[in-house]
There are 2 protein chains.
Amino acid sequence: MAAHELLRDHGVHVTAQRLAVLRAVSSRPHCTAENIVETAKDEIGTISRQSVYDTLNTFVEKGLVRRIQPTGSPALYEDRVGDNHHHLICRDCGRVVDVDCSVGAMPCLQAANDNGFEIDEAEVAYWGRCPECKTSTLEKTASNHNH
Amino acid sequence: MAAHELLRDHGVHVTAQRLAVLRAVSSRPHCTAENIVETAKDEIGTISRQSVYDTLNTFVEKGLVRRIQPTGSPALYEDRVGDNHHHLICRDCGRVVDVDCSVGAMPCLQAANDNGFEIDEAEVAYWGRCPECKTSTLEKTASNHNH
DNA sequence: GACGACTTTTTGACAGAGTCCAAGTTGAGC
DNA sequence: GCTCAACTTGGACTCTGTCAAAAAGTCGTC
Ligand SMILES: [Mn+2]
Ligand SMILES: [Mn+2]
Ligand SMILES: [Zn+2]
Ligand SMILES: [Zn+2]
């Protein structure tokens, strides 16, 4: 669907700023609000920081964009919504990678015991170290042993 | 085990501040650093915010305390560690409830595709609405219909 | 017990992310 | 064209959390 219709269908006015923010989020998943300010500025010349924050909040509210907030990182945004996917996050460099739900579609919504809660989302963050950071540590260890 | 030995065994000096922070975390699971500052002050008279943060960081590092960071909330601390349990979180009131891992012991560490990451923790947050908040909404809806 | 190296605490400043104003301007949509 | 929504500008402000330097405390050793 064209971006223009996407916005209309979600009941928000179509503006140059909103189109630019949407494209920025699409072009670089898991980016920060600051990243988006820069990308959008490159595209349409100027956009205020406030406008980017307002737009992102609107998009998240309307379900156009998803926000994740890993510990120690500013909020990250992506346009992959509604598929209940999860994230691998590197403790060393902060890299974020998508990972499909291991159980299937909307399955992990089943907690062992829901305690009477009405659950609508299962958010899973897999913490660890990415291939690059694993390698660089190994190298460091090796060189330490070598002298 | 007495708190005193617990600290020694984890290789940290025993201080009044650390004992107070540990007790604060134990007495009220899933509380914020600010909560802990207040609780600890009530107990030992004075303690600096910095000291609470330092202590919590040390405790997390040493595995004495676990930190969780739900989206949109400051970090929360608990003394239930090493059992890979998860959390139910109410979108309305922020209530946090423990829930055992539905898959068993350390199972959800298995992502569908680890992308070469070395995963050491799977943090699962089940989002929804707690029984109390469900009820209060129902009541509101009912009363709206009644006039 | 007292000493002394080392760790912890205190204090106050500071940083990062994000929100909230407010007033004026621009722009979208009917 | 009119009306209401969205954007800009600039600053103040909140909330979490960290940094740095000086003061105080812990604990192994004498
Ligand atoms: Mn993603
Ligand atoms: Mn818990
Ligand atoms: Zn990495
Ligand atoms: Zn609730």
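Chain A is the first sequence line, chain B the second, and so forth, proteins listed ahead of strands; every chain is numbered from 1.
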Query raised in the report: Can you get from B:F59 to B:L6 by hopping between Ile, Leu, Val, Met, Phe, Trp and Tyr side chains that sit under 4.5 Å apart?
Result: yes
Query raised in the report: Considering all heavy atoms of both residues, which atom of B:Q17 and which atom of B:I44 are nearest to each other, and what is their separation?
Result: CA-CD1, 4.0 Å
Report task. Could you list the residues that satisfy side chain to side chain donor-acceptor pair (under 3.5 Å) with A:E61, not counting sequence neighbours? Result -> none
**Report entry** Same apolar cluster (I L V M F W Y, side chains within < 4.5 Å links), B:V25/B:V81
**Finding:** no
Query raised in the report: How would you list, by chain and number, every residue that makes a side chain to side chain donor-acceptor pair (under 3.5 Å) with B:T32, sequence neighbours excluded?
Result: B:N35
Query raised in the report: Of all of residues 25-41 of chain B, which get a heavy atom below 4.0 angstrom from DNA chain C, listed by number?
Result: none
Report task. Tell me what B:S51 touches on the nucleic acid: a base, only sugar-phosphate, or nothing, going by heavy atoms under 4.0 Å. Result -> base
Query raised in the report: With sugar-phosphate meaning primed atoms plus P, OP1 and OP2, does A:R18 contact a base, only sugar-phosphate, or nothing at under 4.0 Å between heavy atoms?
Result: sugar-phosphate
Query raised in the report: Across the strands shown, which category fits B:A16 at heavy-atom distances under 4.0 angstrom: base, sugar-phosphate, nothing?
Result: nothing
Query raised in the report: Which atom pair, heavy atoms only, marks the closest approach of B:G72 to A:Q69?
Result: N-NE2, 3.4 Å
Query - Test item: A:L7 and A:L64 side chains (from C-beta on) under 4.5 Å apart, heavy atoms - result: yes
Report summary line: Contacted region of DNA chain C by chain A, from 5' end to 3' end of the hits, cut-off under 4.0 Å to heavy atoms, spans C:dA17 to C:dC30
Query raised in the report: Of all nucleotides in DNA chain D with an atom under 4.0 Å from a non-hydrogen atom of chain A, which is the first and which the last going 5' to 3'?
Result: D:dA5 to D:dT9
Query raised in the report: Are any side-chain N or O atoms of B:R129 and backbone N or O atoms of B:D92, one a donor and one an acceptor, separated by less than 3.5 Å?
Result: no
**Report entry** Side chain to side chain, B:V21 and B:I47, heavy atoms closer than 4.5 Å
**Finding:** yes
**Report entry** Nearest heavy atoms of A:C90 and A:C130, plus distance in Å
**Finding:** SG-N, 3.4 Å
Query raised in the report: Partners of B:N115 by side chain to side chain contact (heavy atoms under 4.5 Å, CB included), sequence neighbours excluded?
Result: A:L88, A:V97, B:N113, B:F117
Query raised in the report: How would you list, by chain and number, every residue that makes a side chain to side chain contact (heavy atoms under 4.5 Å, CB included) with A:V60, sequence neighbours excluded?
Result: A:V65, A:R67, A:Y77
Query raised in the report: Taking DNA chain C as the partner, which of residues 55-74 of chain A come within under 4.0 angstrom of it by heavy atom?
Result: A:N57, A:P74
Query - Residues that B:S26 engages under side chain to side chain donor-acceptor pair (under 3.5 Å), provided they are two or more places apart - result: B:D79
Query raised in the report: Mind checking whether B:V96 and B:E78 have side chains closer than 4.5 Å, heavy atoms only?
Result: no
Report task. Classify the nucleic acid contact of A:S48 as base, sugar-phosphate or nothing, counting any heavy atom under 4.0 Å across all strands shown. Result -> base
Query raised in the report: side chain to side chain donor-acceptor pair (under 3.5 Å) with B:E123: which residues, sequence neighbours excluded?
Result: A:W127
**Report entry** Residue whose nearest DNA chain D nucleotide is more 5′ - A:V12 or B:Y77
**Finding:** A:V12
Query raised in the report: Checking all strands, does B:Q50 fall into the base, sugar-phosphate, or nothing category for heavy-atom contacts under 4.0 angstrom?
Result: base
Query - Qualifying residues under ring pair (Phe, Tyr, Trp, His ring centres under 6.0 Å), relative to B:H87, sequence neighbours excluded - result: B:H30, B:H85
Report task. Note down the inter-axis angle between the two ends of the helix from C:dG1-D:dC30 to C:dC30-D:dG1, five pairs each, to the nearest 10°. Result -> 40°
